[in-house]
> 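Handing you this structure, nothing more for now.
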Amino acid sequence: MSNGFHEVRFPLRLSLGASGGPGRRTDIVALSNGGETRNARWADARRRYDAGTGLRGLDDLYQLTAFFEARRGQLYGFRFRDPVDHASAPPGQPVTAIDQQIGTGDGVQTVFELTKTYSDAGGATVRRIEKPGEGSVVLAVNGLALDPGDYAVDHATGLVTIAPGAVPVPGAIVTAGYEFDIPVRFDTDRIEVSLAAFKAGSVPTVPLVEIKP
């Protein structure tokens with residue numbers, strides 16, 4: 001049995017052509033009076049993708065097969081770059097150190113989780129970011145950017161540790177900016193490829209599913 005994870009990213013060019021996104025599970029009970037009640041089965045969304053839509057040629061097929069084999073099918077997880085949602089800032093805007101609030105200082109806490117908040121006037125949900133991009137994380141306290149030497153980033157867990165000399169004082173707002181990947185695995189142990197069908201425009205289905213702790 002394995003819950004192993006390889007800190008490698010699915011080929012970026014194939015990721016950019018993938019389809020998919022977040023999914024949730026909601027129970028809806030119809031009432032005798034015609035109304036209904038709704039209950040969320042999952043606290044957080046779970047993302048699914050079809051990477052087959054990103055295949056454009058034989059080189060892509062070979063690259064996919066090699067990556068699939070190196071992960072041994074469903075056995076090992078890996079990083080995947082969502083083509084739409086992969087940064088603390090909206091698409092087309094640069095990442096800044098004040099993009100996302102990740103905590104409030106108390107004068108003692110030094111370790112903070114990277115998170116991303118999705119909100120509007122109707123509500124909000126906070127998502128844990130576990131796989132930040134290497135070298136992409138920037139931090140600020142009360143709007144002032146920290147020197148990169150004042151914090152360390154664990155790119156395998158999404159935890160940032162602030163150095164003792166820069167610990168946020170009580171009430172200080174800690175913010176972060178970053179790019180990130182999603183931890184996923186293949187959702188199949190088989191990829192079926194027909195060269196004739198591929199040349200005719202048919203691409204294989206390559207399902208991926210987000211890994212949750």
Side-chain angles (χ1 to χ4, degrees), residues 1-10 14-54 64 67-68 71-91 99-104 111-133 154-160 174-176 178-192 203-213:
M1 186 171 70
S2 172
N3 291 318
F5 189 90
H6 292 170
E7 292 289 344
V8 295
R9 182 184 290 153
F10 189 76
L14 304 187
S15 299
L16 295 178
S19 60
R24 290 183 173 271
R25 180 164 292 180
T26 306
D27 287 340
I28 301 176
V29 178
L31 304 178
S32 59
N33 63 2
E36 66 180 30
T37 61
R38 297 181 292 277
N39 182 56
R41 294 278 298 277
W42 296 346
D44 301 307
R46 191 179 194 190
R47 286 157 174 79
R48 291 182 177 276
Y49 302 91
D50 180 4
T53 55
L64 169 66
F67 192 89
F68 179 84
R71 305 289 86 71
R72 302 185 186 182
Q74 300 183 83
L75 189 59
Y76 289 100
F78 54 91
R79 289 172 173 257
F80 177 80
R81 181 60 58 94
D82 185 298
V84 176
D85 186 9
H86 55 258
S88 55
D99 286 343
Q100 299 288 329
Q101 181 173 340
I102 62 171
T104 302
V111 180
F112 294 84
E113 293 181 343
L114 291 178
T115 58
K116 183 172 183 178
T117 301
Y118 301 83
S119 65
D120 60 16
T125 184
V126 179
R127 176 186 180 188
R128 173 91 187 276
I129 302 300
E130 300 176 71
K131 301 295 181 186
D154 187 335
H155 295 92
T157 64
L159 297 178
V160 294
V174 183
T175 55
Y178 46 79
E179 294 181 347
F180 65 95
D181 299 314
I182 299 172
V184 302
R185 63 168 171 79
F186 287 104
D187 198 21
T188 179
D189 273 330
R190 173 181 296 181
I191 294 178
E192 294 191 5
V203 296
T205 298
V206 185
L208 310 177
V209 62
E210 184 177 6
I211 298 172
K212 290 293 189 181

> Any Lys/Arg nitrogen of Lys116 or Asp85 sitting under 4.0 Å from an Asp/Glu carboxylate oxygen of the other?
yes
> Arg46 vs Arg25, test: side-chain contact (heavy atoms from CB on, under 4.5 Å). Steps then yes/no.
CA-CA 9 Å; Arg46 191 179 194 190; Arg25 180 164 292 180; over 6 Å; no
> Would you name the heavy atoms of Asp99 and Ser88 that are closest together and state the gap between them?
OD2-OG, 2.7 Å
> Would Asp50 and Val206 satisfy side-chain contact (heavy atoms from CB on, under 4.5 Å), going step by step from the backbone distance to the final call?
CA-CA 5 Å; Asp50 180 4; Val206 185; 4.2 Å; yes
> First locate atom CD1 of Ile191, then atom CG of Leu64, and finally report the distance between them rounded to the nearest 0.5 Å.
4.0 Å
> Counting distance only, does the side-chain N/O of Gln100 pair as donor-acceptor with the main-chain N or O of Thr117 below 3.5 Å?
yes
> Classify the ring geometry between Phe186 and Phe10 as parallel (under 30°), tilted (30 to 60°) or perpendicular (over 60°).
perpendicular
> List the atom of Asp154, the atom of Pro132, and the distance in Å for their closest heavy-atom pair.
O-CG, 4.3 Å
> To the closest 0.5 Å, what do you measure between CZ (Arg128) and CD1 (Ile102)?
11.0 Å
> One thing to verify: whether Arg185 and Asp187 come together as a salt bridge, which I'm taking to mean a side-chain N less than 4.0 angstrom from a carboxylate O.
yes
> Considering non-hydrogen atoms only, spot the tightest contact between Ile129 and Phe180 and give its length.
CG2-CB, 3.5 Å
> Go through Arg71 and Val8 one step at a time and tell me if the side-chain contact (heavy atoms from CB on, under 4.5 Å) criterion holds.
CA-CA 10 Å; Arg71 305 289 86 71; Val8 295; 3.6 Å; yes
> Between Asp44 and Lys212, is there a side-chain heavy-atom distance shorter than 4.5 Å?
yes
> Going by heavy atoms in the side chains, are Glu130 and Phe5 under 4.5 Å from each other?
no
> Side chains of Phe80 and Ile211, heavy atoms from C-beta outward: is any pair under 4.5 Å?
no
> Hey, could you give me the OG1/CZ distance between Thr26 and Arg38, rounded to the nearest 0.5 Å?
8.5 Å
> For Glu113 and Leu159: C-alpha separation, side-chain torsions, deciding distance, then whether side-chain contact (heavy atoms from CB on, under 4.5 Å) applies.
CA-CA 5 Å; Glu113 293 181 343; Leu159 297 178; 3.5 Å; yes
> For a quick test of reading the model, state the closest non-hydrogen atom pair linking Pro83 to Ala18 and the distance between them.
CG-O, 3.9 Å
> Any idea which heavy atoms bring Thr125 and Arg24 closest together, and the distance?
OG1-NH2, 3.7 Å
> Can you name the nearest heavy-atom pair linking Thr53 to Gly17, along with the distance?
OG1-O, 2.8 Å
> For the CG atom of Asp189 and the CZ atom of Arg72, what is their distance to the nearest 0.5 Å?
12.5 Å
> Under the criterion side-chain hydrogen bond (donor to acceptor under 3.5 Å, both in side chains), which of His155, Arg9, His86, Lys131 is the partner of Asp181?
Arg9
> Counting only N and O atoms by type, is there a donor-acceptor contact under 3.5 Å from the side chain of Tyr49 to the main-chain atoms of Glu210?
no
